[in-house]
Amino acid sequence: MHDVLWPESARWERLVARFAALVEGAGYGLAITPIVEHVGIFNRGIGEGSDVVGKEMYTFVDRDGQVMALRPEGTAPVVRAYVQHHPVPPWKAWYVAPSFRHENPQHGRYRQHFQLGVEALGPSDADLDVEVIALAFDFIASLGLHQVILKVHSMGNEVCRPGYVELLRAFLAEHRSQLCGPHQARFEQNPLRVLDCKTPECEDVTEAAPRFVDNLCEPCAAHFARVRAGLDALDVPFVVDHRLVRGFDYYTRTTFEFASGAIDAAQNALGGGGRYNGLVEMLGGPPTPGIGFGLGIERILIACDAEGVFATEAPPLHAYVIDVTGGESAVLLTAELRRAGFRVDRGFDGRSMKSQFKSADHSGALVALVIGDRELAEGTVGLNPLRSDGEQRDIPRSDIVDELRALLS
RNA sequence: GUGGGCGUAGCUCAGUUGGUUAGAGCGCCAGGUUGUGGUCCUGGAGGUCGGGGGUUCGAGACCCCUCGCUCACCCCA
(Lines give C-alpha, C1' and ligand atoms only; values in the text may rest on other atoms or scores of the structure.)
Protein backbone atom coordinates (compact mmCIF):
# COMPACT_ATOMS: atom_id res chain seq x y z
CA MET A 1 0.00 0.00 0.00
CA HIS A 2 1.35 3.39 -0.77
CA ASP A 3 0.16 6.91 -1.23
CA VAL A 4 0.45 8.83 -4.48
CA LEU A 5 0.71 12.55 -3.86
CA TRP A 6 1.25 15.68 -5.88
CA PRO A 7 3.09 16.12 -8.18
CA GLU A 8 3.47 12.38 -8.88
CA SER A 9 -0.32 12.12 -8.88
CA ALA A 10 -0.45 14.58 -11.80
CA ARG A 11 1.51 12.04 -13.80
CA TRP A 12 -1.07 9.40 -12.96
CA GLU A 13 -3.83 11.67 -14.20
CA ARG A 14 -2.01 12.17 -17.48
CA LEU A 15 -1.40 8.45 -17.85
CA VAL A 16 -5.02 7.52 -17.27
CA ALA A 17 -6.28 10.33 -19.51
CA ARG A 18 -4.04 9.14 -22.32
CA PHE A 19 -5.23 5.57 -21.92
CA ALA A 20 -8.87 6.64 -21.84
CA ALA A 21 -8.51 8.70 -25.01
CA LEU A 22 -6.84 5.81 -26.82
CA VAL A 23 -9.31 3.06 -25.96
CA GLU A 24 -12.42 5.24 -26.12
CA GLY A 25 -11.28 6.06 -29.62
CA ALA A 26 -11.56 2.34 -30.34
CA GLY A 27 -15.09 1.95 -29.00
CA TYR A 28 -14.40 0.97 -25.40
CA GLY A 29 -16.51 2.52 -22.64
CA LEU A 30 -15.59 2.96 -19.00
CA ALA A 31 -16.82 0.27 -16.60
CA ILE A 32 -16.77 1.06 -12.90
CA THR A 33 -17.24 -2.03 -10.77
CA PRO A 34 -17.12 -2.51 -7.00
CA ILE A 35 -13.86 -3.19 -5.21
CA VAL A 36 -15.47 -6.10 -3.35
CA GLU A 37 -17.08 -9.14 -4.92
CA HIS A 38 -18.27 -12.50 -3.69
CA VAL A 39 -15.15 -14.61 -3.46
CA GLY A 40 -16.63 -17.15 -5.85
CA ILE A 41 -16.35 -14.69 -8.73
CA PHE A 42 -12.61 -15.04 -8.49
CA ASN A 43 -12.34 -18.65 -7.36
CA ARG A 44 -14.25 -19.97 -10.33
CA GLY A 45 -12.42 -18.14 -13.09
CA ILE A 46 -8.90 -17.70 -11.82
CA GLY A 47 -8.66 -21.24 -10.50
CA GLU A 48 -8.36 -22.80 -7.07
CA GLY A 49 -4.86 -23.96 -7.81
CA SER A 50 -3.49 -20.55 -8.68
CA ASP A 51 -1.35 -18.60 -6.25
CA VAL A 52 -3.69 -15.64 -6.43
CA VAL A 53 -6.65 -17.64 -5.18
CA GLY A 54 -4.66 -19.99 -3.00
CA LYS A 55 -2.78 -17.50 -0.91
CA GLU A 56 -3.00 -13.93 -2.14
CA MET A 57 -6.63 -12.85 -1.90
CA TYR A 58 -7.86 -10.33 0.60
CA THR A 59 -10.92 -12.18 1.82
CA PHE A 60 -13.22 -11.48 4.72
CA VAL A 61 -16.61 -12.51 6.04
CA ASP A 62 -19.17 -9.73 5.96
CA ARG A 63 -22.06 -9.16 8.39
CA ASP A 64 -24.29 -11.53 6.46
CA GLY A 65 -21.75 -14.30 6.72
CA GLN A 66 -20.83 -14.12 3.04
CA VAL A 67 -17.21 -14.54 2.04
CA MET A 68 -16.10 -11.47 0.15
CA ALA A 69 -12.83 -10.56 -1.54
CA LEU A 70 -11.12 -7.36 -2.60
CA ARG A 71 -10.57 -7.83 -6.31
CA PRO A 72 -7.16 -9.28 -7.15
CA GLU A 73 -7.48 -8.48 -10.86
CA GLY A 74 -9.75 -6.63 -13.21
CA THR A 75 -11.22 -9.15 -15.62
CA ALA A 76 -13.52 -11.19 -13.42
CA PRO A 77 -15.55 -8.23 -12.09
CA VAL A 78 -16.11 -6.83 -15.58
CA VAL A 79 -17.20 -10.23 -16.83
CA ARG A 80 -19.49 -10.58 -13.81
CA ALA A 81 -21.03 -7.22 -14.73
CA TYR A 82 -21.53 -8.47 -18.28
CA VAL A 83 -23.32 -11.56 -17.02
CA GLN A 84 -25.48 -9.52 -14.68
CA HIS A 85 -26.51 -6.79 -17.14
CA HIS A 86 -26.33 -8.81 -20.39
CA PRO A 87 -25.52 -5.93 -22.73
CA VAL A 88 -25.68 -6.69 -26.44
CA PRO A 89 -22.37 -8.08 -27.68
CA PRO A 90 -19.92 -7.13 -28.92
CA TRP A 91 -19.38 -5.30 -25.65
CA LYS A 92 -16.17 -3.37 -25.08
CA ALA A 93 -15.21 -1.97 -21.68
CA TRP A 94 -12.17 -0.38 -20.14
CA TYR A 95 -11.32 0.19 -16.50
CA VAL A 96 -8.86 1.73 -14.12
CA ALA A 97 -9.12 0.27 -10.67
CA PRO A 98 -7.14 -0.77 -7.62
CA SER A 99 -6.31 -4.44 -7.26
CA PHE A 100 -5.28 -6.26 -4.12
CA ARG A 101 -2.95 -9.15 -3.45
CA HIS A 102 -2.01 -10.19 0.05
CA GLU A 103 1.64 -10.97 -0.45
CA ASN A 104 4.80 -9.42 0.86
CA PRO A 105 5.53 -6.15 -0.91
CA GLN A 106 8.76 -5.31 -2.66
CA HIS A 107 9.91 -2.91 -5.33
CA GLY A 108 7.23 -2.80 -7.99
CA ARG A 109 4.93 -5.14 -6.14
CA TYR A 110 2.31 -3.74 -3.83
CA ARG A 111 -0.60 -5.11 -1.86
CA GLN A 112 -2.72 -2.49 -3.52
CA HIS A 113 -1.80 -1.59 -7.05
CA PHE A 114 -3.70 -0.01 -9.92
CA GLN A 115 -4.51 -1.67 -13.18
CA LEU A 116 -5.62 -0.20 -16.47
CA GLY A 117 -7.29 -2.60 -18.79
CA VAL A 118 -9.84 -3.46 -21.43
CA GLU A 119 -12.21 -6.36 -21.93
CA ALA A 120 -13.98 -7.18 -25.18
CA LEU A 121 -16.79 -9.74 -25.11
CA GLY A 122 -18.63 -11.42 -27.91
CA PRO A 123 -16.44 -11.96 -30.96
CA SER A 124 -14.18 -14.98 -31.20
CA ASP A 125 -12.49 -13.36 -34.19
CA ALA A 126 -8.69 -13.42 -34.12
CA ASP A 127 -8.76 -9.89 -35.47
CA LEU A 128 -10.12 -8.82 -32.09
CA ASP A 129 -7.08 -10.40 -30.44
CA VAL A 130 -4.93 -8.29 -32.74
CA GLU A 131 -6.89 -5.15 -31.90
CA VAL A 132 -6.59 -5.68 -28.16
CA ILE A 133 -2.88 -6.48 -28.24
CA ALA A 134 -2.19 -3.55 -30.56
CA LEU A 135 -4.05 -1.18 -28.24
CA ALA A 136 -1.88 -2.20 -25.33
CA PHE A 137 1.23 -1.97 -27.47
CA ASP A 138 0.32 1.45 -28.86
CA PHE A 139 -0.38 2.75 -25.38
CA ILE A 140 2.97 1.57 -24.07
CA ALA A 141 4.77 2.93 -27.12
CA SER A 142 2.99 6.29 -26.82
CA LEU A 143 4.58 6.77 -23.42
CA GLY A 144 7.98 6.58 -25.05
CA LEU A 145 8.85 3.11 -23.79
CA HIS A 146 11.08 1.24 -26.20
CA GLN A 147 12.68 -1.49 -24.14
CA VAL A 148 9.53 -3.55 -23.89
CA ILE A 149 9.19 -7.07 -25.17
CA LEU A 150 5.80 -8.38 -26.23
CA LYS A 151 5.51 -12.12 -25.73
CA VAL A 152 2.62 -14.03 -27.26
CA HIS A 153 1.58 -17.63 -27.03
CA SER A 154 -1.43 -19.85 -27.50
CA MET A 155 -2.73 -22.17 -24.81
CA GLY A 156 -5.23 -23.96 -27.03
CA ASN A 157 -8.76 -24.78 -25.99
CA GLU A 158 -10.77 -27.58 -24.42
CA VAL A 159 -10.16 -29.71 -27.51
CA CYS A 160 -6.38 -29.67 -27.70
CA ARG A 161 -5.18 -28.55 -24.30
CA PRO A 162 -5.85 -31.82 -22.42
CA GLY A 163 -3.85 -33.77 -24.97
CA TYR A 164 -0.94 -31.38 -24.78
CA VAL A 165 -0.95 -31.36 -20.99
CA GLU A 166 -0.72 -35.17 -21.00
CA LEU A 167 2.07 -35.04 -23.54
CA LEU A 168 3.96 -32.56 -21.38
CA ARG A 169 3.28 -34.53 -18.22
CA ALA A 170 4.68 -37.68 -19.77
CA PHE A 171 7.75 -35.80 -20.99
CA LEU A 172 8.37 -34.27 -17.58
CA ALA A 173 7.94 -37.67 -15.91
CA GLU A 174 10.77 -39.01 -18.05
CA HIS A 175 13.00 -36.13 -16.96
CA ARG A 176 11.74 -35.88 -13.42
CA SER A 177 15.18 -36.18 -11.83
CA GLN A 178 16.44 -33.18 -13.79
CA LEU A 179 13.70 -30.82 -12.58
CA CYS A 180 14.19 -28.39 -9.72
CA GLY A 181 13.38 -29.69 -6.26
CA PRO A 182 9.87 -28.33 -5.82
CA HIS A 183 8.74 -29.37 -9.27
CA GLN A 184 10.03 -32.93 -8.93
CA ALA A 185 7.43 -33.26 -6.23
CA ARG A 186 4.50 -31.49 -7.81
CA PHE A 187 4.88 -31.22 -11.55
CA GLU A 188 2.01 -33.65 -12.08
CA GLN A 189 -0.59 -31.33 -10.54
CA ASN A 190 -0.08 -28.68 -13.20
CA PRO A 191 2.62 -29.51 -15.74
CA LEU A 192 2.11 -26.13 -17.44
CA ARG A 193 3.54 -24.36 -14.42
CA VAL A 194 6.89 -26.05 -14.98
CA LEU A 195 7.17 -24.14 -18.26
CA ASP A 196 7.02 -20.94 -16.25
CA CYS A 197 9.70 -22.02 -13.76
CA LYS A 198 12.82 -19.87 -13.91
CA THR A 199 15.28 -22.29 -12.32
CA PRO A 200 18.08 -23.36 -14.68
CA GLU A 201 17.21 -27.01 -14.07
CA CYS A 202 13.62 -26.66 -15.21
CA GLU A 203 14.57 -24.39 -18.08
CA ASP A 204 17.03 -26.96 -19.38
CA VAL A 205 14.33 -29.61 -19.35
CA THR A 206 11.56 -27.52 -20.86
CA GLU A 207 13.81 -26.24 -23.61
CA ALA A 208 13.47 -29.62 -25.24
CA ALA A 209 9.89 -30.25 -24.15
CA PRO A 210 7.03 -30.60 -26.63
CA ARG A 211 5.68 -27.20 -27.58
CA PHE A 212 2.09 -26.11 -27.35
CA VAL A 213 2.18 -24.50 -30.78
CA ASP A 214 3.09 -27.85 -32.34
CA ASN A 215 0.15 -29.55 -30.71
CA LEU A 216 -2.72 -27.13 -31.25
CA CYS A 217 -5.85 -28.42 -32.91
CA GLU A 218 -6.54 -27.11 -36.39
CA PRO A 219 -8.90 -24.24 -35.41
CA CYS A 220 -6.58 -23.06 -32.63
CA ALA A 221 -3.56 -23.22 -34.92
CA ALA A 222 -5.39 -21.19 -37.56
CA HIS A 223 -6.48 -18.66 -34.95
CA PHE A 224 -2.94 -18.23 -33.67
CA ALA A 225 -1.59 -17.90 -37.20
CA ARG A 226 -4.02 -15.11 -37.94
CA VAL A 227 -3.12 -13.32 -34.72
CA ARG A 228 0.57 -13.39 -35.64
CA ALA A 229 -0.13 -12.27 -39.18
CA GLY A 230 -2.25 -9.40 -37.90
CA LEU A 231 0.46 -8.20 -35.53
CA ASP A 232 2.99 -8.37 -38.35
CA ALA A 233 0.69 -6.37 -40.59
CA LEU A 234 0.42 -3.66 -37.93
CA ASP A 235 4.16 -3.62 -37.30
CA VAL A 236 3.72 -4.71 -33.73
CA PRO A 237 6.94 -6.53 -32.83
CA PHE A 238 6.58 -9.68 -30.77
CA VAL A 239 8.19 -12.96 -29.93
CA VAL A 240 6.43 -16.27 -29.57
CA ASP A 241 7.27 -17.42 -26.06
CA HIS A 242 6.73 -21.15 -25.72
CA ARG A 243 7.03 -20.85 -21.94
CA LEU A 244 4.40 -18.12 -21.54
CA VAL A 245 1.85 -19.71 -19.22
CA ARG A 246 -0.11 -17.10 -17.40
CA GLY A 247 -1.28 -17.67 -13.88
CA PHE A 248 -5.04 -17.72 -14.33
CA ASP A 249 -6.97 -20.81 -15.38
CA TYR A 250 -9.49 -18.98 -17.51
CA TYR A 251 -7.18 -18.28 -20.43
CA THR A 252 -7.74 -20.05 -23.72
CA ARG A 253 -5.95 -19.65 -27.02
CA THR A 254 -4.11 -16.32 -27.17
CA THR A 255 -2.09 -15.16 -24.18
CA PHE A 256 0.38 -12.30 -24.12
CA GLU A 257 2.57 -10.33 -21.76
CA PHE A 258 4.64 -7.16 -21.84
CA ALA A 259 8.02 -7.27 -20.09
CA SER A 260 10.35 -4.33 -19.60
CA GLY A 261 13.98 -4.85 -20.38
CA ALA A 262 14.81 -1.66 -18.52
CA ILE A 263 13.73 -2.87 -15.09
CA ASP A 264 16.54 -4.67 -13.33
CA ALA A 265 14.36 -6.72 -11.08
CA ALA A 266 12.20 -9.78 -11.02
CA GLN A 267 9.08 -7.63 -11.28
CA ASN A 268 9.51 -6.65 -14.90
CA ALA A 269 6.04 -7.62 -16.14
CA LEU A 270 4.16 -4.47 -17.10
CA GLY A 271 0.98 -6.29 -17.88
CA GLY A 272 -0.59 -9.05 -19.81
CA GLY A 273 -3.76 -10.68 -20.88
CA GLY A 274 -5.37 -13.16 -23.11
CA ARG A 275 -8.50 -14.75 -24.44
CA TYR A 276 -10.96 -16.36 -22.04
CA ASN A 277 -13.61 -18.09 -24.08
CA GLY A 278 -15.03 -20.04 -21.16
CA LEU A 279 -15.10 -17.41 -18.44
CA VAL A 280 -18.53 -15.94 -19.09
CA GLU A 281 -20.06 -19.40 -18.81
CA MET A 282 -18.10 -20.14 -15.67
CA LEU A 283 -19.67 -17.07 -14.10
CA GLY A 284 -23.16 -18.09 -15.09
CA GLY A 285 -23.63 -16.39 -18.44
CA PRO A 286 -24.29 -17.70 -21.94
CA PRO A 287 -21.35 -19.07 -23.93
CA THR A 288 -19.50 -15.90 -24.87
CA PRO A 289 -15.91 -15.51 -26.01
CA GLY A 290 -13.84 -12.69 -24.60
CA ILE A 291 -10.38 -11.20 -24.48
CA GLY A 292 -8.69 -8.48 -22.48
CA PHE A 293 -5.56 -7.23 -20.78
CA GLY A 294 -4.46 -5.53 -17.59
CA LEU A 295 -1.53 -3.18 -17.16
CA GLY A 296 0.03 -2.26 -13.83
CA ILE A 297 0.26 1.51 -13.50
CA GLU A 298 3.06 1.41 -10.92
CA ARG A 299 5.08 -1.00 -13.03
CA ILE A 300 4.65 1.11 -16.14
CA LEU A 301 5.79 4.23 -14.32
CA ILE A 302 8.83 2.38 -12.95
CA ALA A 303 9.66 1.39 -16.50
CA CYS A 304 9.21 5.01 -17.60
CA ASP A 305 11.63 6.13 -14.90
CA ALA A 306 14.10 3.46 -15.98
CA GLU A 307 13.96 4.66 -19.57
CA GLY A 308 13.79 8.34 -18.64
CA VAL A 309 10.49 8.97 -20.42
CA PHE A 310 7.05 10.30 -19.46
CA ALA A 311 8.54 12.37 -16.66
CA THR A 312 6.58 13.87 -13.83
CA GLU A 313 5.48 17.35 -14.72
CA ALA A 314 2.82 19.32 -12.95
CA PRO A 315 1.01 22.03 -14.89
CA PRO A 316 2.05 25.39 -13.38
CA LEU A 317 -0.26 27.99 -11.94
CA HIS A 318 -0.91 30.97 -14.15
CA ALA A 319 -0.93 33.49 -11.35
CA TYR A 320 -0.43 33.92 -7.62
CA VAL A 321 -2.29 36.74 -5.93
CA ILE A 322 -0.47 38.72 -3.24
CA ASP A 323 -2.60 41.01 -1.11
CA VAL A 324 -1.23 42.98 1.84
CA THR A 325 -4.31 45.18 2.30
CA GLY A 326 -6.37 42.77 4.36
CA GLY A 327 -7.26 40.03 1.88
CA GLU A 328 -10.66 41.17 0.61
CA SER A 329 -9.21 42.18 -2.74
CA ALA A 330 -7.50 38.81 -3.10
CA VAL A 331 -10.79 37.01 -2.52
CA LEU A 332 -12.41 38.92 -5.39
CA LEU A 333 -9.50 38.88 -7.83
CA THR A 334 -8.74 35.18 -7.30
CA ALA A 335 -12.36 34.18 -7.84
CA GLU A 336 -12.68 36.36 -10.91
CA LEU A 337 -9.58 34.88 -12.52
CA ARG A 338 -10.58 31.31 -11.70
CA ARG A 339 -14.02 31.88 -13.20
CA ALA A 340 -12.26 33.18 -16.30
CA GLY A 341 -10.44 29.85 -16.56
CA PHE A 342 -7.04 30.67 -15.09
CA ARG A 343 -5.17 28.49 -12.66
CA VAL A 344 -4.68 30.73 -9.65
CA ASP A 345 -3.64 30.45 -6.02
CA ARG A 346 -3.07 33.12 -3.39
CA GLY A 347 -1.49 33.90 -0.04
CA PHE A 348 -3.41 33.66 3.20
CA ASP A 349 -3.10 34.75 6.82
CA GLY A 350 -2.06 38.32 6.04
CA ARG A 351 1.58 37.45 5.75
CA SER A 352 4.20 39.96 4.76
CA MET A 353 4.83 41.02 1.17
CA LYS A 354 8.17 39.26 1.27
CA SER A 355 6.82 35.97 2.53
CA GLN A 356 3.92 36.00 0.06
CA PHE A 357 6.41 36.58 -2.75
CA LYS A 358 8.35 33.54 -1.55
CA SER A 359 5.19 31.48 -1.65
CA ALA A 360 4.42 32.81 -5.11
CA ASP A 361 7.87 31.78 -6.29
CA HIS A 362 7.59 28.30 -4.77
CA SER A 363 4.13 27.78 -6.22
CA GLY A 364 5.63 27.81 -9.68
CA ALA A 365 3.18 30.48 -10.82
CA LEU A 366 4.12 32.36 -13.96
CA VAL A 367 3.22 35.79 -12.60
CA ALA A 368 2.51 37.40 -9.25
CA LEU A 369 -0.39 39.82 -9.02
CA VAL A 370 0.33 42.36 -6.30
CA ILE A 371 -2.27 44.34 -4.39
CA GLY A 372 -0.76 46.81 -1.92
CA ASP A 373 -2.10 50.03 -0.44
CA ARG A 374 -1.05 52.04 -3.47
CA GLU A 375 -2.63 49.66 -6.00
CA LEU A 376 -5.81 49.53 -3.95
CA ALA A 377 -6.02 53.35 -3.90
CA GLU A 378 -5.28 53.65 -7.60
CA GLY A 379 -7.49 50.79 -8.72
CA THR A 380 -4.60 48.82 -10.22
CA VAL A 381 -2.82 45.51 -9.77
CA GLY A 382 0.94 45.03 -9.98
CA LEU A 383 1.78 42.33 -12.52
CA ASN A 384 5.17 40.83 -11.72
CA PRO A 385 6.63 38.28 -14.18
CA LEU A 386 8.21 35.66 -11.93
CA ARG A 387 9.77 33.53 -14.65
CA SER A 388 11.37 36.22 -16.78
CA ASP A 389 13.36 39.41 -16.32
CA GLY A 390 10.64 41.98 -16.99
CA GLU A 391 9.77 44.76 -14.58
CA GLN A 392 6.59 44.82 -12.55
CA ARG A 393 3.86 46.83 -14.26
CA ASP A 394 0.70 48.46 -12.96
CA ILE A 395 -2.39 47.18 -14.75
CA PRO A 396 -5.84 48.71 -14.30
CA ARG A 397 -7.88 46.35 -12.15
CA SER A 398 -10.53 46.01 -14.85
CA ASP A 399 -7.99 44.99 -17.51
CA ILE A 400 -6.41 42.11 -15.61
CA VAL A 401 -8.27 39.27 -17.31
CA ASP A 402 -7.51 40.58 -20.80
CA GLU A 403 -3.93 41.35 -19.87
CA LEU A 404 -3.34 37.84 -18.50
CA ARG A 405 -5.03 36.26 -21.47
CA ALA A 406 -2.77 38.15 -23.86
CA LEU A 407 0.31 37.41 -21.80
CA LEU A 408 -0.30 33.67 -21.60
CA SER A 409 -1.44 33.06 -25.14
C1' G B 1 3.90 -18.04 3.34
C1' U B 2 9.93 -18.05 3.79
C1' G B 3 14.54 -15.26 4.68
C1' G B 4 17.68 -10.65 5.16
C1' G B 5 18.09 -5.15 6.03
C1' C B 6 16.27 -0.60 8.15
C1' G B 7 13.13 2.68 11.68
C1' U B 8 16.72 9.45 15.23
C1' A B 9 13.57 16.88 13.07
C1' G B 10 9.28 17.90 7.17
C1' C B 11 13.57 15.35 3.94
C1' U B 12 18.64 12.97 3.71
C1' C B 13 21.46 11.27 7.57
C1' A B 14 25.48 11.65 11.94
C1' G B 15 25.35 10.12 17.01
C1' U B 16 32.32 6.81 20.02
C1' U B 17 33.06 0.43 24.39
C1' G B 18 25.87 2.63 27.41
C1' G B 19 27.46 8.62 30.40
C1' U B 20 25.40 16.19 31.05
C1' U B 21 20.42 19.70 27.90
C1' A B 22 20.21 14.26 21.08
C1' G B 23 23.17 17.10 16.37
C1' A B 24 24.30 18.57 10.92
C1' G B 25 22.86 19.79 5.94
C1' C B 26 18.66 20.95 3.21
C1' G B 27 13.67 22.64 3.87
C1' C B 28 10.32 25.77 6.89
C1' C B 29 9.38 30.55 9.73
C1' A B 30 11.14 35.48 10.96
C1' G B 31 14.51 39.54 10.68
C1' G B 32 18.41 42.26 7.91
C1' U B 33 15.26 45.55 3.46
C1' U B 34 8.25 49.56 7.81
C1' G B 35 6.07 47.24 -0.55
C1' U B 36 8.88 42.48 -3.67
C1' G B 37 10.62 36.08 -4.77
C1' G B 38 14.69 33.44 -7.04
C1' U B 39 21.59 35.23 -4.21
C1' C B 40 23.62 36.42 0.69
C1' C B 41 23.83 37.15 6.23
C1' U B 42 21.62 36.50 11.20
C1' G B 43 18.21 34.27 14.34
C1' G B 44 14.12 30.88 15.44
C1' A B 45 10.65 26.92 15.55
C1' G B 46 10.46 21.82 15.02
C1' G B 47 12.06 15.28 18.25
C1' U B 48 7.20 10.71 23.15
C1' C B 49 14.98 8.66 19.03
C1' G B 50 8.38 3.70 15.49
C1' G B 51 5.53 1.48 20.01
C1' G B 52 5.66 -1.59 24.61
C1' G B 53 8.41 -4.17 28.19
C1' G B 54 13.24 -5.47 30.33
C1' U B 55 18.67 -5.00 31.95
C1' U B 56 21.32 -0.77 34.36
C1' C B 57 23.01 4.26 39.00
C1' G B 58 22.14 5.77 33.83
C1' A B 59 19.47 3.34 27.25
C1' G B 60 18.87 6.68 20.84
C1' A B 61 22.63 2.67 21.68
C1' C B 62 22.11 -3.68 24.91
C1' C B 63 17.94 -7.85 25.35
C1' C B 64 12.72 -9.53 24.35
C1' C B 65 8.03 -8.57 22.06
C1' U B 66 5.34 -5.75 18.59
C1' C B 67 4.19 -2.37 14.47
C1' G B 68 5.83 -0.18 10.00
C1' C B 69 8.99 0.27 5.77
C1' U B 70 12.32 -2.10 2.52
C1' C B 71 14.98 -6.04 -0.47
C1' A B 72 14.92 -11.02 -2.05
C1' C B 73 12.41 -16.03 -2.66
C1' C B 74 7.63 -17.95 -4.43
C1' C B 75 4.44 -15.74 -7.84
C1' C B 76 2.65 -11.88 -10.18
C1' A B 77 0.80 -6.01 -12.51
Side-chain angles (χ1 to χ4, degrees), chain A residues 1-3 5 46-47 49-57 71-75 95-117 136 140 148 180-183 186 190 193 196-199 202 244-248 256-260 263-273 292-303 320 322-325 347 349 351-377 380-394:
Chain A
M1 317 264 194
H2 64 143
D3 301 308
L5 306 177
I46 295 173
S50 70
D51 279 7
V52 166
V53 168
K55 64 181 188 183
E56 294 175 0
M57 274 213 288
R71 69 162 156 253
E73 55 100 35
T75 299
Y95 61 86
V96 52
S99 297
F100 301 83
R101 310 247 174 110
H102 195 144
E103 50 191 347
N104 285 339
Q106 59 185 284
H107 186 59
R109 194 181 72 186
Y110 308 96
R111 287 186 164 183
Q112 172 175 336
H113 69 278
F114 279 78
Q115 288 193 23
L116 286 166
I140 288 170
V148 175
C180 72
H183 278 130
R186 58 171 207 227
N190 190 348
R193 291 289 286 276
D196 198 33
C197 184
K198 275 105 183 163
T199 63
C202 282
L244 180 59
V245 177
R246 294 184 50 77
F248 303 156
F256 57 97
E257 189 170 292
F258 294 91
S260 171
I263 298 178
D264 185 24
Q267 286 70 39
N268 66 352
L270 304 183
F293 66 75
L295 301 172
I297 291 183
E298 293 89 344
R299 292 271 177 90
I300 285 178
L301 291 176
I302 287 171
Y320 191 99
I322 294 171
D323 178 358
V324 292
T325 68
D349 290 334
R351 297 200 303 154
S352 70
M353 181 80 79
K354 175 173 179 168
S355 88
Q356 289 195 56
F357 254 97
K358 278 193 175 184
S359 296
D361 185 44
H362 293 165
S363 77
L366 302 175
V367 302
L369 298 176
V370 184
I371 302 168
D373 292 327
R374 185 178 57 75
E375 287 84 355
L376 191 61
T380 61
V381 173
L383 190 154
N384 188 313
L386 295 170
R387 311 297 152 197
S388 58
D389 290 334
E391 293 287 306
Q392 181 170 320
R393 292 180 292 139
D394 283 346

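Keep in mind that the numbers below use all heavy atoms, side chains included, and drop hydrogens, waters and symmetry copies.
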* Asked: So what's the dot-bracket for RNA chain B: Watson-Crick or G-U pairs under 3.5 Å, [ ] if a pair crosses, | if it pairs off-strand?
  -> (((((((..((((.....[...)))).(((((.......))))).....(((((..]....))))))))))))....

* Asked: Between A:Glu257 and A:Ala269, what is the shortest heavy-atom contact and its length?
  -> OE2-CB, 4.3 Å

* base_contact_polar (B:rG37 base, A:Asp361 side chain, donor-acceptor, <3.5 Å) -> yes

* Asked: B:rA77 base stacked by A:His113? Criteria: ring centres under 5.5 Å, plane angle under 30°.
  -> yes

* Structure fact -> Across all chains, not counting sequence neighbours, the side-chain contact (heavy atoms from CB on, under 4.5 Å) partners of A:Glu103 are A:Glu56, A:Arg101, A:Arg109

* Go through A:Phe357 and A:Leu386 one step at a time and tell me if the side chain to side chain contact (heavy atoms under 4.5 Å, CB included) criterion holds. => CA-CA 9 Å; A:Phe357 254 97; A:Leu386 295 170; 4.2 Å; yes

* To do: Report yes or no: is there a donor-acceptor pair, N or O only, under 3.5 Å between the side chain of A:Arg101 and the base of B:rA77?
  => yes

* If we take the C1' atom in both B:rG27 and B:rC13, what is their distance in whole Å? -> 14 Å

* Closest contact, heavy atoms only, A:Arg71 versus A:Ala97 -> NH2-CB, 2.8 Å

* With sugar-phosphate meaning primed atoms plus P, OP1 and OP2, does A:Ala269 contact a base, only sugar-phosphate, or nothing at under 4.0 Å between heavy atoms? -> sugar-phosphate

* Separation between the P atoms of B:rG5 and B:rA24, rounded to whole Å -> 31 Å

* Structure fact -> Applying salt bridge (charged side-chain N to carboxylate O under 4.0 Å, His left out) to A:Glu298 and not counting sequence neighbours gives none

* To do: Could you check whether A:Phe248 gets within reach of a base, just the sugar-phosphate, or nothing at all, counting any heavy atom under 4.0 Å?
  => sugar-phosphate

* Given B:rC73, B:rC28, B:rC75, which nucleotide is nearest the side-chain atoms of A:Glu56? -> B:rC75

* To do: Quick one: label A:Glu103 by what it contacts on the DNA or RNA (base, sugar-phosphate, nothing), any heavy atom closer than 4.0 Å.
  => base

* Is A:Leu270 touching bases, backbone alone, or none of the nucleic acid, heavy atoms closer than 4.0 Å? -> sugar-phosphate

* **Partner residues of A:Asn384 under the side chain to side chain donor-acceptor pair (under 3.5 Å) criterion, sequence neighbours left out** => A:Gln392

* Hey, is the side chain of A:Arg193 pairing donor to acceptor with the base of B:rC75 inside 3.5 Å? -> no

* Structure fact -> Per-nt protein contacts along nucleotides 30-36 of chain B (heavy atom under 4.0 Å; B base, S backbone sugar-phosphate only, - none) come out as S-B--BB

* Asked: With the threshold set at 4.0 Å, does a side-chain nitrogen-carboxylate oxygen contact exist between A:Asp323 and A:Arg351?
  -> no

Would you tabulate the side-chain donor-acceptor contacts of residues 367-376 of chain A under 3.5 Å, counting partners in other chains and residues two or more places apart, or write 'none'?
residue: A:Arg374; atom: NH1; partner: A:Glu378; partner atom: OE1; Å: 3.1
residue: A:Arg374; atom: NH1; partner: A:Asp394; partner atom: OD2; Å: 2.8
residue: A:Arg374; atom: NH2; partner: A:Asp394; partner atom: OD2; Å: 3.4
residue: A:Glu375; atom: OE1; partner: A:Gly372; partner atom: N; Å: 3.0

